[in-house]
Amino acid sequence: QVQLVESGGGLVQAGGSLRLSCAASGRTFSRYAMAWFRQAPGKEREFVAAIRWSSGSTYYADSVKGRFTISRDNAKNTVYLQMNSLKPEDTAVYYCAAVWVDVGTPLPLRGSNEYRYWGQGTQVTVSS
């Protein structure tokens, strides 16, 4: 049973930074793609960033490119999202997601329906 547990959300002023963590358990994740999505009130869940666990290749939404960094720690089975230069429009619940992918599967998978496993979410609020 795959479990994803997010942490690290909170309230921060515009221009500040936060680091989200996603602790993954229940599988060996070397053949998984991991991603962060976010959902603001009244909006669709949207893709933020993804990483192929095996290679460490990373992918970003245009809205966060250059500000956010996704990474993974093999020893801790944890995926991180470092968020810098935060803006009020980054305010949302952030979700960690995972799906098994074949080595030939092109990434990123940007649709939320393409991921099988989800965490419970962590709130990020950026004040202006």
Side-chain angles (χ1 to χ4, degrees):
Q1 180 79 2
V2 172
Q3 283 196 315
L4 305 175
V5 180
E6 302 101 331
S7 60
L11 173 64
V12 64
Q13 288 189 330
S17 298
L18 281 175
R19 188 177 79 158
L20 306 183
S21 299
C22 172
S25 62
R27 288 283 193 280
T28 299
F29 289 92
S30 58
R31 293 287 295 274
Y32 276 69
M34 310 293 292
W36 288 95
F37 284 75
R38 66 187 181 187
Q39 189 166 18
K43 294 190 175 181
E44 297 284 321
R45 191 169 296 190
E46 66 171 354
F47 170 80
V48 175
I51 186 167
R52 188 188 294 270
W53 196 291
S54 57
S55 65
S57 298
T58 58
Y59 312 86
Y60 298 94
D62 288 343
S63 59
V64 306
K65 203 171 292 184
R67 299 188 299 123
F68 291 10
T69 303
I70 188 171
S71 62
R72 51 89 168 100
D73 184 323
N74 288 329
K76 295 182 178 180
N77 253 19
T78 299
V79 175
Y80 301 99
L81 185 68
Q82 177 66 44
M83 305 186 295
N84 299 328
S85 302
L86 282 161
K87 306 175 181 179
E89 52 263 44
D90 294 318
T91 295
V93 177
Y94 283 70
Y95 297 90
C96 179
V99 64
W100 186 94
V101 291
D102 187 59
V103 292
T105 301
L107 294 184
L109 303 174
R110 296 179 182 271
S112 60
N113 59 350
E114 297 179 283
Y115 290 83
R116 180 171 181 182
Y117 303 104
W118 291 86
Q120 82 287 353
T122 185
Q123 176 71 47
V124 171
T125 303
V126 185
S127 63
S128 57

Do any side-chain atoms of residues 109-116 form donor-acceptor pairs under 3.5 angstrom with protein atoms, and if so which ones, sequence neighbours left out?
residue	atom	partner	partner atom	Å
Glu114	OE1	Arg110	N	3.4
Glu114	OE1	Gly111	N	2.9
Tyr115	OH	Leu109	O	2.7

Query raised in the report: Any side-chain heavy-atom pair from Trp53 and Asn77 closer than 4.5 angstrom?
Result: yes
Residue set satisfying side chain to side chain contact (heavy atoms under 4.5 Å, CB included) with Ala33, at least two apart, ordered chain then number -> Val99, Val101, Leu107
Separation between CG (Leu86) and CZ (Phe68), nearest 0.5 Å, reads 5.0 Å
Residue pairs meeting disulfide (SG to SG under 2.5 Å), one or both in residues 56-128, sequence neighbours left out, come to Cys22-Cys96
Output for pair (Ser63 OG, Asp90 CG), nearest 0.5 Å, gives 7.5 Å
Notebook entry, point to check: So do the side chains of Leu4 and Tyr95 get within less than 4.5 Å of each other, counting heavy atoms only?
Noted result: no
Q. With a 4.5 Å heavy-atom cut-off, do Tyr60 and Thr69 have their side chains touching?
A. yes
Check the hydrophobic clustering (I, L, V, M, F, W, Y; side-chain heavy atoms under 4.5 Å; chains of links allowed) and say if Val2 and Val5 are grouped together.
no
Would you say Thr78's side chain and Lys76's backbone share a donor-acceptor pair under 3.5 angstrom? yes
Sorted by chain and number, sequence neighbours left out, side chain to side chain contact (heavy atoms under 4.5 Å, CB included) with Ser71 holds for Tyr80
inquiry  = Any heavy-atom pair between the side chains of Val124 and Met83 that's under 4.5 Å?
reply    = yes
All heavy atoms of Ser128 vs all of Ala14, minimum pair found to be CA-CB, 4.4 Å
| field | Side-chain donor or acceptor of Glu6 paired with backbone N/O of Gln120 under 3.5 Å | value | yes
Closest non-hydrogen contact found for Val12 with Leu18 is CG1-CD1, 4.1 Å
message = If you count every heavy atom of other residues, nucleotides or ligands that lies below 6.0 Å from Glu46 atom CD, does the total exceed 12?
response = yes
If you group Ile, Leu, Val, Met, Phe, Trp and Tyr by side-chain heavy-atom gaps below 4.5 Å, do Ile51 and Trp118 land in one group? no
* **Any donor-acceptor N/O pair, Thr91 side chain to Val126 backbone, under 3.5 Å** => yes
CG (Leu81) and OH (Tyr94) are apart, to the nearest 0.5 Å, by 7.5 Å
Please check if Tyr59 and Phe37 belong to a single hydrophobic cluster, counting links between Ile, Leu, Val, Met, Phe, Trp and Tyr side chain heavy atoms closer than 4.5 Å. yes
Self-check item: Joint cluster assignment, Leu11 & Val93, ILVMFWY side-chain distance < 4.5 Å
Solution: no
Heavy atoms of Ser85 and Ser17 approach each other most closely as N-OG, 4.4 Å
request  = Taking the six-membered ring of Tyr32 (Phe, Tyr or Trp), confirm whether the NZ or CZ of Arg27 is under 6.0 Å from its centre and within 45° of its axis.
outcome  = no
Here the gap from Gln39 atom CD to Glu44 atom CD, rounded to the nearest 0.5 Å, amounts to 7.5 Å
query: Under 3.5 Å, side chain of Arg52 to main-chain N/O of Ser57, donor-acceptor pair present?
result: no
For Val103, the other hydrophobic cluster members (4.5 Å side-chain criterion, sorted by chain and number) are none
Applying side chain to side chain contact (heavy atoms under 4.5 Å, CB included) to Glu89 and not counting sequence neighbours gives Lys87
(request) Answer with yes or no whether the hydrophobic clustering places Met34 together with Phe47; edges join I, L, V, M, F, W, Y residues whose side-chain heavy atoms lie under 4.5 Å apart. (result) no
The reported gap from CZ in Arg72 to OG in Ser54 (rounded to nearest 0.5 angstrom) is 8.0 Å
